[in-house]
Structure formats: structure tokens, C-alpha cells
Amino acid sequence: MTDDVTEKKTAGQAEDPEIPGLPATSWAVLGLLSYGEELSGYDLKKWSDWSLRFFYWSPSFSQIYGELKRLEKAGFATSRMVAQETGTRDKRVYRITDEGMTAVRTWARTAPVDPPVLKHGPMLRLWLGHLLEPEQMREVLGKHREFAESMRRRAEADVSGAESEEAWKYPMLTLKWAERYYASERDLADAMLADIEELEARGRSEAPEPGTRP
């Protein structure tokens with residue numbers, strides 16, 4: 001899911017007046033091209049699912065192609081058609097230009113560091129816990145715990161896949177961060193489940209005995 005605040009404003013406007021203000025997705029796509037590979041839109045989607053989704057978000061195919069057109073127009077990327085070995089229709093592949101490399105390097109070095117904005121759906125549900133039954137709250141947290149653990153395992157597996165590629169040593173660090181982050185989300189869900197148990201126990205202990213006045 002996109003960060004509306006980030007996408008509506010000029011994302012990380014670089015201090016160099018020659019660098020246009022591009023949305024964050026443009027810089028993410030250009031960043032994927034900065035590793036030097038000639039990539040198709042499908043490749044870019046696959047790579048963003050493999051790395052960006054763990055700490056930012058993975059743009060859709062339509063968003064990727066829209067950003068590629070923007071980057072070509074700005075002179076930051078070029079494209080060409082290549083024949084497929086399978087005999088299917090030709091595909092378009094993209095490569096970063098020297099101007100694009102300069103732009104993304106400048107952006108990475110000079111863009112302001114925006115603090116992350118947390119949008120935590122399970123916590124919004126738990127914030128309304130007075131409208132839920134305890135079992136419903138446990139169900140919300142249980143599903144969140146399962147999601148966090150599945151993402152942790154995926155990040156852990158992708159760390160192993162990135163270790164053999166020298167060019168991916170810094171993306172590998174972000175994958176390690178993702179592995180730790182989702183482990184903490186899993187542990188936070190466990191802690192909140194314990195907190196709910198404590199609240200219920202406290203409520204039972206404070207309830208008046210049958211036959212007595214409150």
C-alpha cells in the first residue's frame with residue numbers, strides 16, 4: 001500500500017536544482033536500475049517484491065511502467081526491445097543512464113530523511129477493543145502474529161539468497177533489518193496477548209462476589 005503522504009509531496013527533493021522533484025516511487029525504480037542490470041518491467045516488479053516490500057512497499061505493474069515512462073522522459077533511463085528466446089513477443093528492457101545514476105546518487109546523499117509513518121491496522125482494531133469481545137481481539141492479534149512470522153521467514157530466506165551477490169550487500173542489510181523488524185512485531189503480538197490475559201484476570205478479580213452489592 002502506498003504512503004499517501006509521501007506520494008503527494010515531492011519525495012526527497014534533492015538540493016541540486018538540476019534534479020527534478022520526483023515521487024518516491026520514481027527514486028525506488030531508478031534505484032533498482034542503479035545496480036547496472038538491464039531489466040524489464042516484470043524484472044523490476046520481481047525485484048521490488050523481493051526487497052522493497054519488506055521496508056517500503058512494492059509498486060504495482062502499472063505504477064512501475066508509469067514511473068519508467070517518467071524516468072525516460074527525464075533522461076534518467078533508456079529502453080530497447082529485445083527478442084525472446086522462447087519465440088514469444090519481444091520485450092522492452094530498461095537501463096539507467098549516466099544522468100540517472102548521477103540523479104539517484106545525489107538524491108540518496110542529499111534527500112532529507114523523512115521519519116516513517118506507522119499505519120498499524122491491528123492496533124487500530126485493538127484501540128477499539130471496548131467494542132470487541134476478548135476472543136475477537138485474540139483473533140486479530142493471532143492473524144497479525146502469523147503474518148509477521150511469515151514475513152520474517154521470507155526475509156530470512158531472501159537474506160540467504162542475497163549473500164552470494166556482492167552487488168546486493170546493502171540490500172541484504174535491509175533484509176536483515178526486515179527479519180528483525182518482523183520478529184519484533186511477532187513478539188509484540190505475543191506481549192499484547194499476554195496483556196489482554198492480564199486485563200481479563202484483573203477484571204475477574206475486581207468483579208463483586210455473587211450476592212454482594214457492588
Side-chain angles (χ1 to χ4, degrees), residues 1-9 11-12 23-29 31-32 42 44-64 66-67 112-163 168 170-210 212 214:
M1 182 173 63
T2 62
D3 183 338
D4 295 336
V5 175
T6 303
E7 290 299 302
K8 286 180 180 177
K9 71 178 182 178
T25 308
S26 285
W27 294 116
V29 172
L32 289 170
Y42 173 82
L44 288 163
K45 174 60 176 170
K46 182 174 64 176
W47 283 28
S48 64
D49 285 347
W50 175 76
S51 59
L52 292 176
R53 69 188 290 254
F54 287 106
F55 59 88
Y56 193 66
W57 67 289
S58 182
S60 65
F61 280 109
S62 62
Q63 289 167 326
I64 286 174
E67 296 305 334
V113 179
D114 296 324
V117 178
L118 181 62
K119 294 181 178 179
H120 206 298
M123 288 306 98
L124 183 59
R125 295 280 297 278
L126 269 293
W127 180 65
L128 296 172
H130 61 291
L131 304 178
L132 304 176
E133 297 297 330
E135 283 305 314
Q136 292 173 316
M137 289 188 282
R138 278 190 278 268
E139 181 181 1
V140 168
L141 287 169
K143 288 181 178 178
H144 177 59
R145 190 194 188 285
E146 290 176 6
F147 166 76
E149 177 61 11
S150 67
M151 291 292 283
R152 186 201 65 78
R153 290 178 178 176
R154 174 70 184 273
E156 181 182 39
D158 287 349
V159 166
S160 299
E163 287 177 337
W168 286 92
Y170 291 108
M172 184 180 68
L173 292 183
T174 65
L175 288 170
K176 286 184 176 180
W177 175 89
E179 182 184 352
R180 296 168 186 142
Y181 170 79
Y182 285 108
S184 69
E185 282 288 310
R186 176 202 61 199
D187 295 343
L188 285 169
D190 286 336
M192 182 154 286
L193 284 166
D195 289 341
I196 290 174
E197 291 293 338
E198 182 181 347
L199 280 177
E200 291 179 331
R202 187 185 309 166
R204 288 192 295 268
S205 65
E206 294 176 353
E209 293 291 335
T212 63

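Between the CG atom of L52 and the CH2 atom of W47 there is a distance of 11.5 Å, given to the nearest 0.5 Å. Here the straight-line distance linking atom CE of M172 with atom CG of D158 works out to 12.5 Å at 0.5 Å rounding. Taken from CG in L175 to CD in E156, the straight-line distance is 11.5 Å, to the nearest 0.5 Å. How far OG of S62 is from CD of E67: 10.0 Å, rounded to the nearest 0.5 Å. Put simply, CG on D187 and CZ on R152 are 9.5 Å apart, with the number rounded to the nearest 0.5 Å.
By the 4.5 Å heavy-atom criterion applied to side chains, R154 and R53 are counted as neighbours. Put simply, the side chain of F61 does not reach to within 4.5 Å of the side chain of L44, judged on heavy atoms.
Here the closest non-hydrogen pair linking D49 and F54 is O-CE1, 4.3 Å. The two residues I64 and S48 come nearest to each other via the heavy atoms CD1-OG, 4.3 Å. Shown here for A148 and Y182, the closest heavy-atom pair between the two residues is O-CB, 3.4 Å. When all heavy atoms of S60 and K45 are compared, the closest pair comes out as CA-NZ, 4.2 Å.
The closest side-chain donor-acceptor pair between E185 and H120 falls under 3.5 angstrom.
Ion pairing between a basic and an acidic side chain is recognised when a charged N comes within 4.0 Å of a carboxylate O; E149 and R145 show no such pairing. For E200 and R138, the salt-bridge test passes: some basic side-chain N is under 4.0 Å from an acidic carboxylate O.
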* List the steps and the verdict of side-chain contact (heavy atoms from CB on, under 4.5 Å) for T25 and W57. => CA-CA 9 Å; T25 308; W57 67 289; 3.2 Å; yes
* To do: With side-chain contact (heavy atoms from CB on, under 4.5 Å) as the test, would you mind laying out the steps for L141 and D190 before giving the verdict?
  => CA-CA 8 Å; L141 287 169; D190 286 336; over 6 Å; no
Name the atoms and distances for all side-chain donor-acceptor pairs under 3.5 Å in residues 122-133, with sequence neighbours left out.
none

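Sparse packing is recorded around OH of Y42, with 12 or fewer heavy atoms of other residues, nucleotides or ligands lying under 6.0 Å away.
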